[in-house]
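Please read the structure below before turning to the comments.
Bear in mind that the values here come from a model prediction, so they are computed numbers and not experimental data.
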Amino acid sequence: MFGSKKKINDLMAQLRPDLSRESLGVGPVFPGVAPNPLLSSDARKRTAELRTGALAIGVLVDWREVGGDGSPRVVLMFDVETAGGITFRGVADEDLTITELTRLAPGQTLPVRYRPAVMDHYVALARDADPAQVRQLSDEIASRKRA
């Protein structure tokens, strides 16, 4: 790729200010939203790792539609809490159906997966998560908050 990473990130912030680090609420250490995960080998690798990552609970903060031909591609922003009590702002890049998109609501709690070894703000929806495991994790987090 041509140019420096800083220039590319600045260009992305100019083209899509709604996808800038500041508007996503992740700060300067966040590596950035990949412009097209289908063309980026790093994004494909990250997605594969996230699909097998650790389970956490995410509270939907906001989302931005970033395109997509058949099904909308959206960037979802979550306040994530892990089983170990770590909290962070997580960002997921997902392809959703129109039905799934219309059901999104701020404050909605969804299971997500993250990479504990990397902890880079990237998460993915845990569509394959066992409901009993999600319920157990939710109860564990809720009991920690009550204590």
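- You'll find the side chain of V91 reaches within 4.5 Å of the side chain of V75, heavy atoms only.
- A distance of 9.5 Å separates CG in D79 from CG in L60, rounded to the nearest 0.5 Å.
- Side chains of I57 and V134 form a contact here, defined as non-hydrogen atoms less than 4.5 Å apart.
- Residues L55 and P111 are in side-chain contact: their nearest non-hydrogen atoms beyond the backbone lie under 4.5 Å apart.
- Listed by first and then second residue, the ring-ring contact (aromatic ring centres under 6.0 Å, His included) pairs that reach into residues 79-120 are F88-Y114, sequence neighbours excluded.
- Contact between E100 and R127 at its shortest, heavy atoms only, is OE2-NH1, 2.9 Å.
- In this structure, the separation between CG on D130 and CG on L137 is 12.0 Å, given to the nearest 0.5 Å.
- Within a 6.0 Å sphere centred on CD of E140, other residues, nucleotides and ligands contribute more than 12 heavy atoms.
- The main-chain N or O of G90 is never found under 3.5 Å from a side-chain atom of H121 such that the two would form a donor-acceptor pair.
- The shortest distance between side-chain heavy atoms of D93 and T47 does not fall below 4.5 Å.
- For the pair I86/E81, no side-chain contact is recorded, criterion being any heavy-atom separation below 4.5 Å from C-beta on.
- By the 4.0 Å N-to-carboxylate-O rule, R46 lies too far from D120 to be salt-bridged with it.
- Note that the CG atom of L96 and the CZ atom of R103 stand 11.5 Å from one another [nearest 0.5 Å].
- The minimum heavy-atom distance between P116 and A54, with the atom names listed, is CG-CB, 3.6 Å.
- A side chain to side chain contact (heavy atoms under 4.5 Å, CB included) with L101 is found for one member of T97, T99, L104 and no other, namely L104.
- Under the 3.5 Å distance criterion, the side-chain polar atoms of E94 are matched with a main-chain donor or acceptor of L125.
- The shortest side-chain heavy-atom distance between V59 and V80 does not fall under the 4.5 Å cut-off.
- With hydrogens and angles ignored, the 3.5 Å screen pairs no side-chain donor or acceptor of R64 with any backbone N or O of M77.
- Looking at every heavy atom in both residues, W63 comes nearest to P106 through CZ3-CD, 3.8 Å.
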Exercise for the section: Using the salt bridge (charged side-chain N to carboxylate O under 4.0 Å, His left out) rule, take R51 and D128 through it: C-alpha gap first, then chi angles, then the decisive distance, then the call. Expected result: CA-CA 9 Å; R51 297 291 175 218; D128 64 334; over 6 Å; no
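- Distance check, rounded to the nearest 0.5 Å: CG of D62 to CG of L76 gives 9.5 Å.
- Side-chain atoms of V61 and R89, non-hydrogen and from C-beta on, do get closer than 4.5 Å to each other.
- At a threshold of 4.5 Å between non-hydrogen side-chain atoms, the residues L50 and Y122 count as touching.
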